[in-house]
**Q** 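Below: one structure in structure tokens.
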Amino acid sequence: MVRLLQPKHMVQAVNALHWRNSVEFHKLLKDNGDFSICFNSDQGLPQKISVEKMVKMLPRHLIAVVMTPNKDGKSRYILCGIRLLQTFCDLTPRNVKLEQVLLDDVKLSAQMIDLVIIVIIALGRNRKESCNSNKESLLEATLVASCLHLFHGFISPNSQDLVLVLLAHPRVDVFIDSAFGAVLNVVISLKAKLLYRQTDSPKRLGASSVEEVNFHCQQAEAALQFLHSLCQHKPFRDRVAKNKELCGKGGVLRLAQSILSLAITPEFVGATITIASTSRMKAKVLSILQHLFEAESVSFLDEVANAGNLQLAKTIASEVLKLLRLGLSKASMATASPDYPMGFVLLNAMRLADVLTDDSNFRSFFTEHFSMVLSAVFCLSHGDFLSMLCSSDLSSREDDANVDYDLFKSAGWVLSIFSSSGQSVTPQFKLSLQNNLTMSSYAHQRTSLFIKMIANLHCFVPNVCEEQDRNRFIQNVMSGLRKDPSSILIKMLPGSSYTPVAQRGTGVCRNLGSLLRHAESLIPSSLNEEDFLLLRVFCDQLQPLIHSEFEERQVQVKDIEGTGGNLSGKQQRKEILNLNNEEASENCDVRVEGMITKQGVNEEVDTVERLKESDADASNLETSGSDTSSNRGKGLVEDGELVQNMSKRFKGSASGEVKEDEKSETFLVFEKQRTKRKRSIMNDDQTGMIEKALADEPDMQRNSASIQLWADKLSQKGPEVITSSQLKNWLNNRKAKLARANKQTGTVRDNNSSGELPESPGDENTWQQKPSTPYKDQTASKTPKTGENLLRSSSSSEEGIKEGQQVRLMDERGDEIGKGMVLRTDGEWYGLSLETRQICVVDVTELSESYDWSKKMIPYGSDDVGRTFTEANSRFGVMRVAWDVNKLQY
């Protein structure tokens with residue numbers, strides 16, 4: 001006979017059955033045809049209970065328990081009931097009758113929603129300033145996370161559906177305030193636990209203690225993750241922004257402050273789970289703040305200011321600044337990706353800083369402090385600066401992930417520590433990666449946010465900004481340039497990462513020029529034109545100040561590099577300005593020996609400008625990988641011999657005394673410098689090893705796994721670490737060398753695989769093959785196989801390829817692979833300087849049927865334009881590719 005479900009019967013059933021998972025329940029229900037289940041009571045007596053009646057009564061029963069006065073074991077029992085409800089929800093796909101009872105009953109669903117809201121209100125009502133005992137804090141953390149995630153069990157795993165249901169509930173505002181408060185209590189207890197361990201002896205910190213902290217941290221992350229998923233939707237975050245309780249009492253801000261101030265103490269340095277989890281929590285709370293601050297329906301920051309919580313908001317701004325300093329310090333280091341995803345901490349901090357720097361309440365703070373960080377970044381060596389902000393292929397990036405929360409396992413583990421049977425194994429949750437950004441998209445977003453912050457702080461609005469702040473930002477940047485950059489950024493970088501003091505003016509101006517060029521390539525996909533123009537104004541105003549400030553030091557550098565004091569200070573100063581103004585605007589004047597020459601009018605100045613652009617393009621090429629050479633970042637300005645020759649060309653140009661052979665000499669000197677920059681990265685033993693491997697795997701350059709494997713092997717056989725990017729470039733150069741030799745003399749084997757390559761890896765055999773004669777004097781001299789057409793240069797002159805022209809695409813062996821139409825011949829295309837690199841953009845209309853071109857790699861491929869013809873077609877709707885002009889027939 002089935003017993004009546006009295007409260008005591010419900011208590012016995014909950015205590016006995018919550019340990020069974022959905023698989024066990026399914027088996028028991030199959031064995032009993034009357035939809036009932038048997039269990040043993042606390043006294044060991046067999047009992048039988050109707051599952052249908054139990055399911056219908058359980059939510060109301062638990063609500064009654066919550067409303068009763070506090071007593072021992074109350075929280076544990078509620079967690080047992082929540083766990084049992086989750087088991088029933090997991091069982092519904094396997095049991096039609098249970099699904100009808102649990103999910104199709106509207107009244108029962110409303111009771112379950114009320115249950116979760118009431119429990120969360122009870123947990124978040126009182127803000128805690130200290131934690132309970134270790135066991136109680138773990139229990140409370142698990143109860144908060146379990147209650148919130150129970151919504152997914154009986155409503156929907158989709159957060160958008162949850163938002164619609166919650167916003168329709170009459171107590172939604174109280175729930176929102178209590179939910180943030182409950183998560184805040186969990187974080188406070190976690191923070192206190194970490195602080196306690198910091199003063200405790202490391203020897204007393206056993207494995208069980210580390211596991212408990214890991215578990216507590218994961219419960220906090222799971223609870224915050226639930227709130228973060230709701231705040232992704234505009235209706236919910238607008239409701240949060242309008243919540244007077246959250247604004248008035250500063251609930252959201254206090255939660256953010258508590259999470260951002262979480263610190264990993266030395267005792268937990270090896271606790272990878274805790275480190276990664278706290279980092280992901282910081283990334284998520286930064287994202288929540290950004291969404292709330294950008295709410296359109298109401299100004300959250302204004303509400304915070306009106307409620308008198310502006311000082312609390314400024315403490316959060318201070319934490320954001322710390323994360324920017326730490327993140328930018330790490331960003332300039334070629335570090336490997338961590339084993340555990342750390343979240344988009346830097347990216348979200350920059351997103352939030354973009355909002356704050358555009359707000360009048362925080363503008364002064366960031367003008368004062370972020371300008372120092374900005375100065376230190378500009379003082380990085382040119383190679384490190386390019387790697388951080390002017391590259392689409394970073395050596396490392398942030399990764400984000402969500403916790404696949406398991407309510408049943410979490411509740412079971414924390415309940416086991418109260419059980420006499422002993423503690424079970426600590427559950428380890430799976431992480432689902434949330435990387436919806438490609439490497440290039442991540443890099444471009446990081447750079448664009450960096451630029452937006454500069455634009456926000458440099459922009460002066462007369463009706464909003466005070467007159468005394470007109471030039472304050474740029475003055476603070478100059479003040480930062482006078483300081484030691486290692487004292488501003490976190491001291492994680494070697495001293496060689498910064499430009500020497502004697503060359504600081506030159507180095508900073510060079511970095512500014514590179515940033516301007518790269519920023520222009522991000523328009524309009526990642527950067528709007530207004531922010532770019534503000535960046536240009538900032539650079540134009542900063543560079544004269546830099547030249548004036550560091551003039552004497554740069555003159556000393558000139559003397560050391562070989563001028564021998566033969567030039568006057570005035571002459572030296574003008575040459576420095578010419579050599580380091582890497583990219584002037586179209587209306588900018590270039591001053592040479594007292595005369596003003598508009599760009600494009602004087603032929604010689606135009607020639608040297610193209611030369612400088614070519615060198616800058618090579619610099620970008622050199623640092624697109626992860627080369628660790630100590631010479632990375634050295635360039636045109638740092639070579640005394642080339643500086644002198646360039647200076648002579650400038651002076652000759654101004655006086656009209658340059659001859660044709662001197663023009664050629666300029667480019668010969670330039671090519672000589674590039675030849676010097678090549679170096680052998682492998683010794684004879686390493687070369688022999690890779691040659692044997694290539695005999696077995698001739699297309700190794702297409703297999704990234706093999707490249708990484710052999711890079712590691714080769715690094716063990718030589719004095720220098722060889723990166724995978726370096727090895728790939730070496731393989732491409734070797735292949736190109738063999739292809740050129742085959743075209744000239746037939747099939748040959750290259751016996752001089754010295755691995756000469758630029759200091760950092762880049763695209764395949766591009767600038768190394770450029771002729772040493774002036775670009776304007778080049779003519780196509782190669783005869784194609786047909787004997788009718790000539791391969792011509794990429795110049796858009798009358799003799800060159802024209803836009804709209806029909807061409808045939810040739811491979812390295814001279815075989816035709818397809819036909820197409822020229823789309824572009826000049827300007828920039830996804831970071832490629834077409835004229836400088838001697839390439840053009842072609843829309844391919846027909847491909848040869850000899851090969852499977854769907855998998856054929858295209859030259860100059862990337863995540864943005866695709867790496868195969870098929871990917872290019874999916875990106876643009878047509879097979880649009882960049883192609884070397886010397887491999888086109890027309």
Side-chain angles (χ1 to χ4, degrees), residues 124 127 129 172-174 176-181 183-184 187-188 224 227-228 230-232 234-261 282 284-324 348-371 373 449 452-470 472-473 476:
R127 303 292 191 260
E129 301 302 331
V172 60
D173 291 317
V174 180
I176 290 174
D177 179 49
S178 300
F180 277 91
V183 178
L184 172 60
V187 174
I188 288 175
L224 181 69
L227 296 180
H228 178 259
L230 298 182
C231 288
Q232 299 297 303
K234 184 178 182 298
F236 186 84
R237 62 175 176 261
D238 285 348
R239 193 64 175 256
V240 174
K242 294 177 182 178
N243 192 300
K244 299 297 182 182
E245 289 294 316
L246 278 176
C247 294
K249 296 181 180 179
V252 174
L253 298 180
R254 278 208 292 271
L255 174 61
Q257 182 190 30
S258 297
I259 292 175
L260 294 178
S261 60
K282 292 179 181 180
K284 286 180 172 60
V285 81
L286 288 169
S287 178
I288 290 174
L289 289 177
Q290 179 214 344
H291 286 311
L292 294 179
F293 289 176
E294 291 182 328
E296 298 177 0
S297 60
V298 62
S299 174
F300 187 84
L301 286 172
D302 287 346
E303 292 294 328
V304 168
N306 294 335
N309 286 319
L310 195 57
Q311 189 58 40
L312 180 59
K314 288 184 177 180
T315 62
I316 292 175
S318 179
E319 294 292 339
V320 171
L321 184 67
K322 291 178 184 177
L323 292 175
L324 288 175
N348 288 345
M350 297 179 80
R351 287 167 176 163
L352 183 56
D354 175 32
V355 178
L356 295 177
T357 52
D358 200 29
D359 187 272
S360 58
N361 294 311
F362 300 91
R363 180 186 178 92
S364 177
F365 174 83
F366 278 92
T367 298
E368 183 71 26
H369 299 286
F370 180 69
S371 56
V373 177
L449 289 168
K452 286 178 181 179
M453 286 187 280
I454 296 176
N456 289 343
L457 295 174
H458 190 60
C459 180
F460 182 83
V461 183
N463 296 331
V464 178
C465 305
E466 297 182 9
E467 184 62 30
Q468 62 186 18
D469 294 333
R470 181 180 291 274
R472 184 180 171 197
F473 175 62
N476 283 358

**Q** Would you compute the distance between atom CG of Asp358 and atom CZ of Arg363 and round it to the nearest 0.5 angstrom?
**A**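 Going from CG on Asp358 over to CZ on Arg363, the span is 8.0 Å.
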
**Q** Kindly compute the distance separating CG (Leu323) from CG (Leu260), expressed to the nearest 0.5 Å.
**A**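 Answer rounded to 0.5 Å: 6.0 Å.
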
**Q** Can you list everything that forms a ring-ring contact (aromatic ring centres under 6.0 Å, His included) with His228? Sequence neighbours excluded, please.
**A** none

**Q** Should Leu301 and Leu310 count as side-chain neighbours, where that means a heavy-atom distance under 4.5 Å?
**A** no

**Q** So which of Leu352, Val187, Ile259 actually passes side chain to side chain contact (heavy atoms under 4.5 Å, CB included) with Val285?
**A**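 Output: one option passes, namely Ile259.
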
**Q** The criterion is side-chain hydrogen bond (donor to acceptor under 3.5 Å, both in side chains); which residues satisfy it with Glu319, sequence neighbours excluded?
**A** none

**Q** Let me confirm one number: the CD-CZ distance from Gln257 to Arg254, rounded to the nearest 0.5 Å.
**A**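 It is 9.0 Å, given to the nearest 0.5 Å.
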
**Q** Under 3.5 Å, side chain of Asn309 to main-chain N/O of Val304, donor-acceptor pair present?
**A** no

**Q** Is it the case that more than 12 heavy atoms not belonging to Lys314 sit under 6.0 Å from its NZ atom?
**A** no

**Q** Work out which heavy atom in Val320 is nearest to a heavy atom in Ala349; give both atom names and the distance.
**A**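 That closest heavy-atom pairing would be CG1-O, 3.7 Å.
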
**Q** Among residues at least two apart in sequence or on other chains, which ones pass ring-ring contact (aromatic ring centres under 6.0 Å, His included) with Phe473?
**A**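 For Phe473, the residues satisfying ring-ring contact (aromatic ring centres under 6.0 Å, His included) (neighbours in sequence not counted) are Phe538.
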
**Q** Any non-hydrogen side-chain atom of Phe236 less than 4.5 Å from a side-chain atom of Val240?
**A** yes

**Q** Any donor-acceptor pair under 3.5 Å linking the side chain of Arg237 with the backbone of Ile288?
**A** no

**Q** Provide the full list of ring-ring contact (aromatic ring centres under 6.0 Å, His included) pairs with a residue in residues 293-321, sequence neighbours left out, each pair given once.
**A**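 Passing the test, one end in residues 293-321: Phe293-Phe300.
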
**Q** List in chain and number order the residues that pass side-chain contact (heavy atoms from CB on, under 4.5 Å) with Asn476, two or more places apart in sequence or in another chain; answer none if no residue qualifies.
**A**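 side-chain contact (heavy atoms from CB on, under 4.5 Å) check on Asn476 returns Thr367, Glu368, Ser371, Met372, Arg472.
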
**Q** Enter the distance from Asp302:CG to Asn361:CG here, rounded to the nearest 0.5 Å.
**A** 7.0 Å

**Q** Could you give the distance from CG (Leu224) to SG (Cys231), rounded to the nearest 0.5 Å?
**A** 9.0 Å

**Q** Compare all side-chain heavy atoms of Thr357 with those of Phe370 and state whether any distance is below 4.5 angstrom.
**A**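 In short, these two side chains do not touch, never coming nearer than 4.5 Å.
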
**Q** So how far is it from Ile188 CD1 to Leu255 CG, rounded to the nearest 0.5 Å?
**A** 9.0 Å

**Q** Applying side-chain contact (heavy atoms from CB on, under 4.5 Å), name anything that partners His369, two or more places apart in sequence or on another chain.
**A** Leu321, Phe365

**Q** Are the side chain of Asp354 and the backbone of Met350 linked by a donor-acceptor contact shorter than 3.5 Å?
**A**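 No; zero donor-acceptor contacts below 3.5 Å.
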
**Q** Are Leu286 and Arg351 side-chain neighbours, meaning at least one heavy-atom pair lies under 4.5 Å?
**A**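 Not in contact.
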
